[in-house]
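This report refers to the structure that appears directly beneath it.
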Amino acid sequence: MSMETKQKMIEEVQKRRTFAIISHPDAGKTTLTEKLLLFGGAIRLAGTVKGRKASKHATSDWMEIEKQRGISVTSSVMQFDYEGHRVNILDTPGHQDFSEDTYRTLTAADSAVMLIDSAKGVEAQTKKLFQVCRRRGIPIFTFINKMDREGQNPFDLLEELEQVLGIRSYPMNWPIGSGKQFRGVYDRKMTQVELFQGDDHKEIQVRKVSGYDDQVVKEIAGEFFYDQLVQDLELLDVAGDEFDYEKVRSGELTPVFFGSAINNFGVQTFLENFLQLAPKPTPRSSSEGEIDPMNEKFTGYIFKIQANMNPAHRDRIAFLRICSGKFERGMSVKHVRAGKDIKLSQPQQFLAQDRDIVEEAYPGDIIGLFDPGIFRLGDSLSQAGNIEFSELPTFSPELFSKVTVKNALKHKQFQKGVDQLTEEGTIQVFRTIGFDDLILGVVGQLQFEVFEYRMKAEYGVDVQLQRTNFQFARWLIDEQVDPGKFRINSQLVRDKNDNYVVLFESEYAMRSAMEKNPTAKFLENAP
């Protein structure tokens, strides 16, 4: 690599910040995403999500079913520039039924922004997503939203982060009042006050102060809130955690920001701090050890496959996270699993549904590759030999339905739809032994609805789903497999790779099967 190329590479990698936003439904994630895009000049008008029937739908929700329900169903990716940084936001659906796609998307991020509703605190979905980030040890930044509504005491919220999630926190700013009495925030790092002006925040009013005992703070807060603020901040100074950059980097300490995304309050401060503190693209583990982003040889892996993003073209897009080297349109790379070279000729970058053909991209960027059916989740692409990035996790389904086609003549289209949606990782498909019935397994109910909807909309097939009582799937490894052993409260099936899987109706049924088959292994994930 020439000095000039190397210098350019260092600059590009240091500019990049690739993160995912994790939250529970309704915490305001779509709104926060919109406001961040607005600062990046990526959208001129943030679509408000409030009026679900409004004709201006949020930019980041593109599938018809999302527009109808006002929720993000699929993880899309958006890119914008802000103050010398290139920002990639991975949008993860907050809806509890989209966990599997969401979990996988988190593997492509270098840090996460955790969005919390000030009234509800840490909710179930946030907890699940947080665990996935925790396992990877990535930095987590917290934005406590909806401060202009009645919410919990800020200290209770911080305590909840520690009790429920087991992460320490450092408030970067602190609210002055809350709900209807919300006056703004005191910025601990910059010793300044940001004033809250209802829903008009084209220009944020900021007052520099000498400290929180400044007369200006008193005037803004009013007597009652001022006393409260001083007590709170003294307590944080004495008993709160110190700010420790290393702990932030290893995911042990989360910087906390208070604000109101819908009113555009606190979002810009959050973004500017985040860009300073969040990590640039980090090394990724592979079969050949850690792959450094600065490695001149191009590598990357597919973390998501999405069919029919553009209904007019029946296309499939594979999302690739670039791990090292420079990507150039038209380059040849090795498709490691298939063992052959392929040419990347139509790469795309996204602002939600708007796509641009991309000429070059760098580590940390996410690009969409046109997929004629050659990619699978977890595939590695490389110019550096047979590198394989650590396998994407699969998640054990919790809900199961038997699926049949209403019109037998449409069997071919049905099979094609099932195959494509399985490869996308939206559903897992099992076949019963003997009868060859199809059973779908998903992590959440909404995935069944999306399956029905997409089979009809994209493949013209009406399907019938019949819920079963199964609750658990375990992959079975045994020298002799006897289907006769799994007749009561359980059923033996095969997955798409012909591995044996046992579906159980209850934990009791699963435990007794394990006791009766001491030589067998029952695995939560596919081997």
| Check against side-chain contact (heavy atoms from CB on, under 4.5 Å), Lys208 and Thr191 | CA-CA 7 Å; Lys208 263 315 232 188; Thr191 53; 4.2 Å; yes

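- Residues Phe243 and Met172 meet the side-chain proximity criterion, which asks for heavy atoms closer than 4.5 Å.
- Remark: Arg168 does not engage Glu252 in a salt bridge, criterion side-chain N to carboxylate O under 4.0 Å.
- Results of the side chain to side chain contact (heavy atoms under 4.5 Å, CB included) test with Thr299 over Ser286, Pro293, Cys323 single out Cys323 as the only residue that passes.
- Note that the CG atom of Leu229 and the CZ atom of Phe224 stand 12.0 Å from one another [nearest 0.5 Å].
- Separation of atoms CD1 (Ile140) and CG (Leu253) is listed at 11.0 Å; rounding is to 0.5 Å.
- When the shell of 6.0 Å around CZ of Arg376 is examined, it contains 12 or fewer heavy atoms from other residues, nucleotides or ligands.
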Pair up each side-chain donor or acceptor in residues 151-159 with any protein partner under 3.5 Å, not counting sequence neighbours, and list the distances.
residue	atom	partner	partner atom	Å
Gln152	NE2	Ala119	O	3.2
Asn153	OD1	Phe155	N	2.6

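- Electrostatic pairing of Glu4 and Lys6 does not count as a salt bridge here, judged by no charged N lying under 4.0 Å from a carboxylate O.
- Within the 4.5 Å cutoff, the side chain of Phe258 has no heavy atoms near those of the Ile176 side chain.
- Heavy atoms from other residues, nucleotides or ligands lying under 6.0 Å from NZ of Lys15 number more than 12.
- Phe196 has its side chain within reach of Asp148: a pair of non-hydrogen atoms, C-beta onward, lies under 4.5 Å apart.
- When Asp371, Thr105, Ile366, Leu377 are each tested for a side chain to side chain contact (heavy atoms under 4.5 Å, CB included) with Phe319, only one passes: Ile366.
- Around CE of Met190, the count of heavy atoms belonging to other residues, nucleotides or ligands within 6.0 Å does not exceed 12.
- Taking the six-membered ring wherever Trp is involved, the centroid distance between the rings of Phe182 and Phe265 falls below 6.0 Å.
- There is a side-chain donor-acceptor pair under 3.5 Å between Ser2 and Thr5.
- By the 6.0 Å and 45° rule, Arg188 stacks over the aromatic ring of Tyr170.
- Comment: Asp241 does not engage Lys247 in a salt bridge, judged by the lack of any side-chain N to carboxylate O separation of less than 4.0 angstrom.
- Between the CD atom of Gln192 and the CZ atom of Arg207 there is a distance of 12.0 Å, given to the nearest 0.5 Å.
- Between Gln383 and Met331 there is a side-chain heavy-atom pair separated by less than 4.5 Å.
- Within the 6.0 Å centre-distance limit, the rings of Phe19 and Phe274 are counted as a close aromatic pair.
- With Pro255 as reference, Phe141 is the one residue of Tyr245, Phe143, Phe270, Phe141 to meet the side chain to side chain contact (heavy atoms under 4.5 Å, CB included) rule.
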| query | Under the side-chain hydrogen bond (donor to acceptor under 3.5 Å, both in side chains) criterion, do Ser23 and Thr126 qualify, and how do the steps go? | reply | CA-CA 5 Å; Ser23 78; Thr126 319; 6.0 Å; no

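- Less than 6.0 angstrom separates the ring centroid of Phe298 from the ring centroid of Phe327.
- Under 4.0 Å is where a charged nitrogen must lie from a carboxylate oxygen, and between Asp110 and Arg284 at least one such pair does.
- Side chains of Leu36 and Thr33 form no contact here, defined as non-hydrogen atoms less than 4.5 Å apart.
- Between Glu12 and Lys8 there is a salt bridge, with a side-chain nitrogen of the basic residue lying less than 4.0 Å from a carboxylate oxygen of the acidic one.
- The distance from the CD1 atom of Ile22 to the CE atom of Met114 is 6.0 Å, given to the nearest 0.5 Å.
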